[in-house]
There are 2 protein chains.
Amino acid sequence: MRQINGQPVTTTNSQTRERILEAAEAVFGDNGYHDAIVDAIGRRTSLSKGGLYFHFPSKERLFFAVLDRLADRLVSKAEEAAAGDGPALDRAEQALRAVLTALSRKRRLARLLMVQGYSMGNQFERKRAEIFDRFAAVIEGRLREAVLNGEMVEADPALTARIWLGAVNELVIHWLHAGGPSPAQRADEVAVVLMGGVRAPMPVPMPAELAR
Amino acid sequence: MRQINGQPVTTTNSQTRERILEAAEAVFGDNGYHDAIVDAIGRRTSLSKGGLYFHFPSKERLFFAVLDRLADRLVSKAEEAAAGDGPALDRAEQALRAVLTALSRKRRLARLLMVQGYSMGNQFERKRAEIFDRFAAVIEGRLREAVLNGEMVEADPALTARIWLGAVNELVIHWLHAGGPSPAQRADEVAVVLMGGVRAPMPVPMPAELAR
DNA sequence: CTGTGCCGACCGACCAGTCGGTTTGTCATG
DNA sequence: CATGACAAACCGACTGGTCGGTCGGCACAG
């Protein structure tokens with residue numbers, strides 16, 4: 001085992017990987033892919049460049065690993081929120097709110113997922129698509145149920161899910177840049193606009209009945 | 001005057017600028033800011049690097065000039081569509097459709113405005129915000145009218161405009177990546193989802209009248 | 001003595017931007 | 001109309017700084 005001033009350092013392989021991912025998340029989050037310098041991640045990890053490259057084959061792969069890790073967490077949150085057995089449309093709304101909340105909680109995380117990747121150029125697009133697709137799938141599943149249950153007007157669940165995602169994306173980016181109340185704080189208003197477009201109208205009492 | 005194989009080339013200053021902008025639009029659109037090589041723009045223009053740098057002080061400024069030019073055109077289209085004297089909410093919808101159509105018409109334009117800018121890193125964020133704000137302002141203005149006229153439920157016009165923009169953005173990006181029918185082709189469905197969330201409910205005939 | 005984990009000096013590709021120089025158009029002047 | 005002077009437009013070889021990635025080597029455990 002190697003030592004640092006006498007103290008034995010007994011990191012296992014996976015613990016070090018985790019440390020690197022943590023540091024990389026910070027550095028990529030602050031600077032974006034392109035402007036993030038590998039040595040900076042090394043500094044935060046007390047690891048040399050060689051050490052880093054022992055665990056990850058390239059800057060690109062490291063970045064993707066960071067993104068996947070974040071996406072996993074967020075998607076889990078969305079899925080949890082979308083679980084249960086209430087009306088499907090309500091669960092879709094809960095998933096939406098969960099994402100809004102999670103992204104509002106940590107600016108850096110949001111920046112990473114929504115913005116910072118683009119600086120790596122065209123290769124990032126596929127990754128972004130992959131991640132967004134995962135979120136879309138969660139929402140879309142509930143909406144599909146909702147359509148079947150007649151809770152929702154006849155709108156394409158896939159399209160609707162995209163629209164929701166886009167809204168979240170833009171709101172978060174705008175908030176990151178302009179400040180103001182976080183998207184989570186405005187979740188109720190957002191829900192009105194987004195849900196209003198799809199929720200099946202309340203069954204109106206028949207005129208005949210009223211006329212009685 | 002300089003010559004190219006015998007033909008005199010009598011470009012005025014502004015014509016050359018235009019040629020450069022055109023070429024730069026293509027190169028940036030294909031590669032994103034960072035991966036775009038200034039010499040490639042030179043090649044497309046039959047201009048040397050020195051020639052380019054005579055007209056634009058830096059790669060960054062050139063990129064911004066390209067973006068501004070595109071944004072100007074698009075915003076004009078949106079404004080035209082939003083003009084007139086019909087119901088404000090309908091005009092907002094027209095603006096939305098105009099943007100959807102314009103972006104669907106030219107993939108490269110869409111890529112540039114929606115995606116590629118980020119690749120220049122943090123400096124771009126301000127620019128993106130500026131451009132998106134211009135679009136938001138067009139939509140928001142109509143929505144504000146609509147609220148005053150009671151055409152619309154009580155929702156914050158600024159927030160709603162952001163949501164619409166985000167939806168457009170995501171739909172375009174997803175279409176660019178995954179193909180399928182263009183956002184313009186799906187404009188009706190999009191309108192249902194987005195407008196449904198804000199349009200004031202049709203004034204329902206009073207029960208009293210029905211009962212008569 | 002072998003493998004895992006790590007070190008860090010170094011390499012080399014890349015490319016924005018520079019700069020001394022050239023070509024061409026314009027225009028005042030004799 | 002020839003001439004020379006000046007500027008606008010353009011050329012393209014070169015530089016300088018930046019990092020991602022490599023590689024020979026070291027330390028320690030088992």
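Here is the naming used below: chain letters follow the sequence lines, and residue numbers restart at 1 for every chain.
Considering only side-chain atoms of B/Tyr53, the nucleotide from D/dG21, D/dC10, C/dG17 that sits closest is C/dG17. For B/Ile37, taking side-chain heavy atoms from C-beta onward, the closest of the listed nucleotides C/dC15, D/dA8, D/dG20 is C/dC15. Between C/dC15, C/dG17, D/dG20, one nucleotide has an atom nearer to the side chain of B/Ser58 than all others, and that is C/dG17. In the set C/dC6, C/dA16, D/dT22, the nucleotide with an atom closest to the side chain of A/Phe54 is C/dC6.
Contact between A/Ile139 and A/Ala92 at its shortest, heavy atoms only, is CD1-O, 4.3 Å.
A/Asp68 has a carboxylate O that lies under 4.0 Å from a charged side-chain N of A/Lys127, or vice versa, which qualifies the two as a salt bridge. Using a 4.0 Å cut-off between a side-chain N of Lys or Arg and a carboxylate O of Asp or Glu, B/Arg97 and B/Asp90 do not qualify as a salt bridge. Taking 4.0 Å as the cut-off between side-chain N and carboxylate O, B/Glu79 and B/Arg134 do not count as a salt-bridged pair. The pair B/Arg128-B/Glu125 does not count as a salt bridge, with every side-chain nitrogen at least 4.0 angstrom from each carboxylate oxygen.
With rounding to whole Å, B/Leu47 atom CG is found 17 Å from D/dA8 atom P. Rounded to whole Å, atom P of D/dC19 lies 16 Å from atom CE of A/Met120. Spacing between atom CD1 of B/Ile20 and atom C1' of D/dC11 amounts to 14 Å, rounded to whole angstrom units.
Between B/His34 and C/dA16 there is no side-chain N or O to OP1 or OP2 distance below 4.0 Å.
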All N/O contacts under 3.5 Å from nucleotides 8-10 of chain C to the protein, with atom names and distances to one decimal?
residue: C/dG8; atom: N7; partner: A/Ser48; partner atom: OG; Å: 3.4
residue: C/dG8; atom: N7; partner: A/Gly50; partner atom: N; Å: 3.4
residue: C/dG8; atom: O6; partner: A/Gly50; partner atom: N; Å: 3.3

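For B/Arg105, the CZ atom is loosely surrounded, since the number of other residues' heavy atoms within 6.0 Å does not exceed 12.
Along DNA chain D, the nucleotide nearest to A/Ala36 and the one nearest to B/Leu52 differ in position, and the one closer to the 5' end is contacted by B/Leu52.
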